[in-house]
Amino acid sequence: QVRLVESGGGSVQAGGSLRLSCAASVPTIRNYSMAWFRRAPGGKQREGVAGLGRDNTMFEVVEYADSVKGRFIVSRDKNILVLQLKSLTPDDTGMYYCAATVLYLRSHSLLEERHFDYWGQGVQVTVSS
């Protein structure tokens, strides 16, 4: 069981930046595949934003949603998953969730929530125009 706690959300104006962190309750997330998802206001489903995958051969994959490519950067260090958000627009507004799984296959998309077993409570990001 892994507990995930997000932080760093807030309100910014369009064009601004934020840095989200996800702290895992394990010494390292090196052997986990991790991702960020978001749910827009009034939305029913979570949208995959960015993910870092690592399979049992230590093959690594980074995946971004088209809507955030060139603006968001995902990284990890020890037990922290980070999402740097830049050039934010009102469309980026939503609740952002961190997710993790120990089972990752290269055939899995890191932007599909069904592949993830552990979830954080979420952190709110609000971008005003």
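- With sequence neighbours excluded, the residues forming a side-chain contact (heavy atoms from CB on, under 4.5 Å) with S21 are S7, R19, I80, V82, listed by chain and number.
- In terms of heavy-atom proximity, R3 sits nearest to S25 at N-OG, 2.8 Å.
- Between the CZ atom of R114 and the OG atom of S109 there is a distance of 8.5 Å, given to the nearest 0.5 Å.
- When every heavy atom of L103 is checked against every heavy atom of H108, the shortest pair comes out as O-ND1, 4.2 Å.
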(request) Under the side-chain contact (heavy atoms from CB on, under 4.5 Å) rule, what do L81 and L52 come out as? Steps first, then yes or no, please. (result) CA-CA 9 Å; L81 183 72; L52 286 172; 4.0 Å; yes
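- The aromatic rings of Y32 and Y118 sit perpendicular to each other, their planes meeting at more than 60°, with 30° as the lower class boundary.
- Contact record, V12 with S17: CG1-O, 3.8 Å, taken as the closest heavy-atom pair.
- Residues L88 and L18 have side chains in contact (heavy-atom distance under 4.5 Å, counting atoms from C-beta outward).
- Cluster annotation: V5 is not connected to V74 through the hydrophobic network of ILVMFWY side chains, with a link wherever side-chain heavy atoms come within less than 4.5 Å.
- Contact annotation: the side chain of N31 never approaches that of V102 to less than 4.5 Å [non-hydrogen atoms, C-beta and beyond].
- Between the CD atom of E113 and the OG1 atom of T101 there is a distance of 13.0 Å, given to the nearest 0.5 Å.
- One N or O on the side chain of E6 and one on the backbone of Q121 form a donor-acceptor pair closer than 3.5 Å.
- Heavy atoms only, all atoms of each residue included: A14 and P90 are closest at CB-CD, 4.2 Å.
- For the pair L83 and M34, the minimum side-chain heavy-atom distance is 4.5 Å or more.
- Residues Y64 and I73 are in side-chain contact: their nearest non-hydrogen atoms beyond the backbone lie under 4.5 Å apart.
- One finds the CZ atom of R76 at 10.0 Å from the CZ atom of R30 (value rounded to the nearest 0.5 Å).
- Put simply, the side chain of R71 gets close to the backbone of S87: a donor and an acceptor are under 3.5 Å apart.
- In this structure a side-chain-to-backbone donor-acceptor pair under 3.5 Å is present from T93 to V127.
- Each of V68, V123, V125 was evaluated against R38; a single residue qualifies, V68, per the side-chain contact (heavy atoms from CB on, under 4.5 Å) test.
- The shortest non-hydrogen separation linking R46 to R39 is CG-NH2, 3.8 Å.
- The minimum heavy-atom distance between G94 and P41, with the atom names listed, is CA-CD, 4.2 Å.
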(request) May I have the step-by-step check of side-chain contact (heavy atoms from CB on, under 4.5 Å) for S67 and E47, ending in yes or no? (result) CA-CA 11 Å; S67 60; E47 170 197 19; 3.6 Å; yes
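- Within the hydrophobic cluster formed by Ile, Leu, Val, Met, Phe, Trp and Tyr side chains joined at under 4.5 Å, directly or through other members, W119 is accompanied by F37, F59, V61, M95, Y97, Y104, L110, F116.
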(request) Using the side-chain contact (heavy atoms from CB on, under 4.5 Å) rule, take N79 and T28 through it: C-alpha gap first, then chi angles, then the decisive distance, then the call. (result) CA-CA 4 Å; N79 69 326; T28 177; 5.7 Å; no
